[in-house]
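Quick note on labels: first sequence line is chain A, next is B, and so on, each numbered from 1. Quick caveat, the model's predicted, so the values are computed rather than measured. All heavy atoms count here, side chains included; hydrogens, waters and symmetry mates do not.
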Amino acid sequence: MTDSTLRMSTADPLARTPRKLTFDSKRIRARYAAERRFRAYGVAAIVFGLAFLVWLFATLILQGYGALQQTRIKFDVTLDREILAPGGTVDDTALRTADYTAMVRTALRTTLGIGSDRVARREAYALMSNGADSELRRIVLADPTLIGKTVPVWISASADVDTFLKDQKQRQLAEDRRRLNDRQIAWIDRLTADGRIDRQFNTALFVNGASSDPEQAGMGVAIVGSLYMMLVVLLTALPVGVAAAVYLEEFAPRNRWTDLIEVNINNLAAVPSIVFGLLGLAIFLNFFGMPRSAPVVGGLVLSLMTLPVVIIATRASIKAVPPSIREAALGVGASKMQVIMHHVVPLAMPGVLTGTIIGMARALGETAPLLLIGMVAFVVAYPATPFDPATALPVQIYMWAGASERAFVERTSAAILILLAFLVVMNATAVILRRRFERRW
Amino acid sequence: MLVRTIAAGTFTALAVLATGTAQARDQIQIAGSSTVLPFANIAAEQFGKAFAGKFKTPIVESGGSSAGLKNFCGGIGENTIDIANSSRKIRPREIEECKKNGVAEIQEIKIGYDGIVFASSTQSGKFALEPKHIYLAVAAQVPVKGKLAANPYRNWKEIDPKLPDQPIQLFIPGEKHGTREVFEEKVLEAGCHDFPEIKAITDAKARANACKAVRKDGLSVDIDGDYTETLARLQRTPTAVGVFGLSFYDQNRDKIQVATVSGIEPSVETIADGKYPVSRPLYFYVKKAHIGVIPGLKEYVQFFLSDKIVGDEGMAVDKGLIPMPAAERAAVRAAFGKGALVN
């Protein structure tokens with residue numbers, strides 16, 4: 001349509017009045033409207049994406065913030081000198097192996113005034129966490145001067161009590177629809193009235209390893225396991241990736257073979273992660289005989305996954321170093337190796353690190369490859385080295401999501417928030433590195 | 001500078017890696033069934049506490065009975081697992097596979113039972129089911145006027161007027177679940193064999209298939225995820241019925257109500273004494289060759305079988321395991337002590 005007007009006007013510009021050159025207001029309006037619509041589509045797409053993000057975060061935070069607090073009960077525990085320090089001397093073995101459960105249970109019985117009624121005892125013990133003994137042991141080991149005294153101690157309540165106090169609806173339910181019976185609720189109310197029940201910050205969630213009891217379960221082992229794996233990924237994928245990229249970009253001849261390698265690197269970046277898990281099982285476990293469930297194996301598997309990302313990012317940032325830098329260096333007599341090591345690679349480094357960190361952030365969220373090498377596991381103890389069994393953040397989320405206890409629902413959301421915090425920190429580091437060190441020409 | 005630091009770091013790390021590998025495993029490795037997982041978890045956790053300083057806490061992997069047994073039968077040595085948890089008995093094919101790979105001596109340990117319940121949302125009507133009802137609601141082909149025809153039932157009331165007036169919608173475990181096998185055997189096959197039309201099929205295999213084939217018109221949905229997914233689906237479709245483990249139901253009593261089967265309400269007691277029909281034994285399998293090699297393996301098995309864990313008031317029972325009768329527990333312990341093998 002513009003063509004014809006254009007041709008007509010150029011063919012004989014002087015013969016006509018400039019009527020055809022004036023703007024056709026109707027058509028112009030249609031064009032502006034089209035542009036506005038186009039922009040609106042863009043805004044709508046962003047709003048759509050953001051809405052989902054906000055929804056995701058809102059549900060996670062609403063469900064997960066409860067897990068940051070844990071109900072604790074205050075008991076006056078008598079730390080019997082006879083049991084803890086037999087013979088008057090404080091001995092480490094006796095301190096570690098003493099029957100702390102019995103001490104807390106005695107304190108609980110005295111507080112609630114329960115005699116020898118077995119059913120009542122069992123019901124009362126259910127108010128208290130199974131890990132009460134470990135908590136008391138930690139307190140005594142931290143301060144042995146307490147031995148022989150009766151001290152007020154805050155002990156975690158069981159998950160059933162915690163859930164009951166956090167969820168107001170539980171109280172309205174009929175007795176056979178609740179985890180706690182009427183007598184247990186009466187005890188809880190009495191403890192609350194006495195000021196013996198309080199909600200405190202849930203350190204266990206960040207510090208403890210896996211546990212069958214939600215109130216004792218934590219992300220500690222998963223956090224350490226994930227950190228070990230990221231360390232292994234950084235130490236293997238970065239040097240190997242950079243070396244491969246530098247060779248391909250600077251030294252390799254352009255022929256059919258290098259083309260083939262390039263295509264395959266790009267393909268590798270798109271391979272589903274479970275395939276790398278199978279590879280890890282076959283190579284690292286079965287062939288090299290490395291230990292099961294170890295973060296070092298997980299890290300190596302994730303490195304294989306991250307490698308193509310690092311290579312692609314490195315090649316792109318090496319390409320972005322202007323030829324003038326190379327030529328200037330060669331011009332003052334630097335060897336090819338010196339040009340690369342002193343100039344090209346350092347200048348490309350911000351881009352390389354950004355690529356690596358983004359690749360690692362992706363690897364941090366992977367569970368599928370870890371399943372086959374035994375890292376989807378229940379691990380209680382902290383790994384001392386990357387060779388000891390551990391688990392990973394997304395794995396812990398997966399395992400909690402499948403647990404039947406109600407208290408794990410809020411812990412799952414809290415765990416997701418912790419994982420997201422890790423990802424945000426890593427991506428922010430990538431952005432900062434790029435902003436601070438990137439050079440523009 | 002940066003490049004040199006990274007290179008130096010890598011070499012140190014590789015050196016550390018090289019020195020760290022040559023260590024004997026001093027920790028028990030377990031893998032297998034996700035149904036057994038919570039019980040194995042509590043046993044492992046308590047074992048670690050009880051033997052603190054002596055033995056390390058075992059590692060329990062999840063992943064399913066078949067995957068666990070496959071891994072178990074992969075061979076002998078430190079890089080293979082010591083124990084496979086299983087929600088079903090080991091199959092003859094798996095024993096052969098084990099033998100082929102050098103795992104000749106396998107010890108079978110029964111730990112208790114798992115109850116499988118039918119539950120609906122608390123907003124739904126109450127169900128008093130018979131295996132027959134479930135068969136008629138789920139099967140692809142049901143007996144209609146003397147011969148098998150495509151399942152015509154769309155409402156529970158059409159099956160039995162005593163059932164709630166609700167559209168049929170079931171969420172049953174998917175085929176990769178061990179629970180599905182129990183569901184087929186204890187519910188569908190038990191529910192179908194009284195019909196003369198089924199009895200008329202002479203070929204045993206064809207008869208079993210006629211009982212087990214599930215309708216594909218959307219009224220029965222296979223759930224491949226875990227019970228949390230079934231629960232989420234029940235909350236969206238309050239008229240539906242889902243299949244759960246007893247312990248899962250017990251933890252979610254405020255959201256779901258249980259159906260009786262043949263007039264019996266499922267509970268630890270009714271399942272333990274065998275009145276409630278839908279239950280299955282749970283096992284774990286131990287490599288005898290690893291006993292004495294992996295520290296604490298024998299003690300772990302003995303600890304698991306102690307009354308503290310699987311007794312009537314044991315910690316696994318608190319988590320939903322159905323305990324074996326005392327005599328059976330004693331027999332399992334004695335068999336392990338004698339070193340009885342699966343063959």
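Here the closest non-hydrogen pair linking A:S404 and B:Q251 is O-CB, 3.4 Å. Nearest heavy-atom pair across A:A377 and B:E61 is CB-CG, 3.7 Å.
Put simply, the side chain of A:M375 does not reach to within 4.5 Å of the side chain of B:I59, judged on heavy atoms. Using a 4.5 Å heavy-atom cutoff, the side chains of A:P291 and B:R25 are not in contact. Taking 4.5 Å as the limit, some side-chain heavy atom of A:R179 sits within range of a side-chain heavy atom of B:D250.
Rounded to the nearest 0.5 Å, atoms OG1 (B:T80) and CG (A:L285) are 11.0 Å apart. To the nearest 0.5 Å, atoms CZ (A:R177) and CG (B:N252) are separated by 11.0 Å. Atom-to-atom distance recorded for A:F378:CZ and B:I42:CD1 is 8.0 Å, nearest 0.5 angstrom. Rounding to the nearest 0.5 Å places NZ of B:K319 at 5.0 Å from CG of A:D213. A:F164 contributes atom CZ, which lies 11.5 Å from atom CG of B:D254 (distance to the nearest 0.5 angstrom). Put simply, CZ on A:R292 and CG on B:N71 are 4.0 Å apart, with the number rounded to the nearest 0.5 Å.
Using a 4.5 Å cut-off between heavy atoms, B:F248 touches chain A through backbone and side chain atoms alike. When heavy atoms are compared at a cutoff of 4.5 Å, A:A294 does not approach chain B at all. Looking at B:L231, neither its backbone nor its side chain comes within 4.5 Å of chain A, counting heavy atoms on both sides. For a residue to count as touching a neighbouring chain, one of its non-hydrogen atoms must lie under 4.5 Å from one of that chain's; by this rule B:S62 touches chain A with backbone and side chain alike. Interface remark: B:Q257 contributes backbone and side-chain atoms alike to the contact with chain A (heavy atom separation under 4.5 Å).
Heavy-atom pairs under 4.5 Å with chain A were tallied for B:I81, B:N79, B:D226, B:N41; the largest tally goes to B:N41. Of all the listed residues (A:G402, A:A381, A:A403), the one sharing the greatest number of non-hydrogen pairs under 4.5 Å with chain B is A:G402. Among the candidates B:T57, B:D318, B:V60, the residue making the largest number of heavy-atom pairs closer than 4.5 Å to chain A is B:V60. When the candidates A:R406, A:R178, A:K169 are compared by the number of heavy-atom contacts under 4.5 Å with chain B, A:R406 comes out ahead.
The stretch residues 121-132 of chain A places A:R122, A:N130, A:G131 near chain B, each with some heavy atom under 4.5 Å from a heavy atom of that chain. When the heavy atoms of residues 116-125 of chain B are compared with those of chain A, the residues falling under 4.5 Å are B:T122, listed by number.
At a cut-off of 3.5 Å, with distance as the only test, a side-chain donor of B:E45 or A:S212 sits close to an acceptor on the other residue.
For NZ of A:K166, the number of neighbouring non-hydrogen atoms (other residues, nucleotides, ligands) closer than 6.0 Å is greater than 12. Environment of CZ in A:F408: crowded, with over 12 heavy atoms of neighbouring residues, nucleotides or ligands closer than 6.0 Å.
In terms of modelled atom types and a separation under 3.5 Å, the side chain of B:R253 and the main chain of A:D176 share a donor-acceptor contact.
In this view, B:Y113 satisfies the ring-ring contact (aromatic ring centres under 6.0 Å, His included) rule with no residue, not counting sequence neighbours. With sequence neighbours left out, the ring-ring contact (aromatic ring centres under 6.0 Å, His included) criterion links B:F284 to B:F304.
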